Amino acid sequence: MPNPNHWLVKQEPEKYSWETFLHDKTTLWDGVRNFQARNNLRAMKKGDLVLFYRSVVEPAIQGLCRVARPAYPDPTASEGDWSVVDLQVLQTLTQPVPLSLIKNHPRLATMALVRQSRLSVMPVSPAEFAEILKLSQTKLP
DNA sequence: GCCAACGTTGGC
DNA sequence: GCCAACGTTGGC
């Protein structure tokens, strides 16, 4: 898959943990009710790489997944125009990358993750993505 | 648990 | 269209 885009999705472990995702292998990323986040979901292409960020409890980037199916209507939305994508687990990062490290890293402190702390689906630049993989000591499969 | 930041709603 | 009130997110 040439030139995949890179993204980051955020979730609280109480709502949907990385461990649950590992068990499920594939999940639909539902419940997004923010227009900016929804538009980011809709910009995802099949095969795009997605970082999984755990919020609230020891905030850190934890895992890597990819878009298995691009945006389609959110079956959990009773009203409004909302979307989901299907995400497929790729691997757990060798070392999680904590938010504290990202905030103190000169090349990562400008990430949307830091600047827009409440956005739950966001793009990641190729340079940011590469740096996070490096910090996590993780190699792409 | 507290609180800041931010998005949404609704009165005017 | 403005803005106050309110609800939610998420770091700490």
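Hydrogens, waters and symmetry mates are skipped; everything else that's a heavy atom, side chains included, is used. Convention: sequence-line order gives letters A, B, ...; per-chain numbering from 1. Just so it is clear, the model here is predicted, and its values are computed rather than measured.
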d(CG, A:Leu8; P, C:dG10) in whole Å:
11 Å
Whole Å only: how far is the CZ atom of A:Phe35 from the P atom of C:dT8?
16 Å
Length of the line joining A:Gln116:CD and C:dT9:C1', which is rounded to integer Å
13 Å
Go through the steps for A:Trp18 and A:Thr92 under the test side-chain contact (heavy atoms from CB on, under 4.5 Å), then give the verdict.
CA-CA 8 Å; A:Trp18 176 250; A:Thr92 306; 3.0 Å; yes
A:Lys103 NZ - C:dG11 P separation (whole Å)
7 Å
Could you state the CE-C1' distance from A:Met122 to C:dT9, rounded to the nearest angstrom?
12 Å
Please confirm whether the backbone N or O of A:Thr110 pairs with a side-chain atom of A:Arg115, one donor and one acceptor, at under 3.5 Å?
yes
Determine, for A:Asp74 against A:Arg38, whether the closest basic-nitrogen to carboxylate-oxygen distance falls under 4.0 angstrom.
no
Sole candidate of A:His105, A:Met111, A:His6, A:Arg107 that passes side-chain contact (heavy atoms from CB on, under 4.5 Å) when paired with A:Glu128:
A:Met111
Side-chain N or O of A:Tyr53 closer than 4.0 Å to phosphate OP1/OP2 of C:dG11
yes
Note: contacts of residues 11-19 of chain A with DNA chain C (heavy atom, under 4.0 Å) are none
What is the distance, rounded to the nearest whole Å, between atom CH2 of A:Trp82 and atom C1' of B:dT8?
10 Å
Is it true that A:Asp86 and A:Arg66 have a side-chain N and a carboxylate O under 4.0 angstrom from each other?
no
How close or far is atom C1' of B:dG7 from atom CD of A:Gln36, stated in whole angstroms?
11 Å
Can you tell which of B:dG7, C:dG11, C:dG10 lies closest to the side chain of A:Lys10?
C:dG10
Is the distance between the ring centroids of A:Tyr72 and A:Trp82 less than 6.0 Å?
no
When rounded to whole Å, the CZ to P distance for the pair A:Arg115 and B:dA5 reads 16 Å
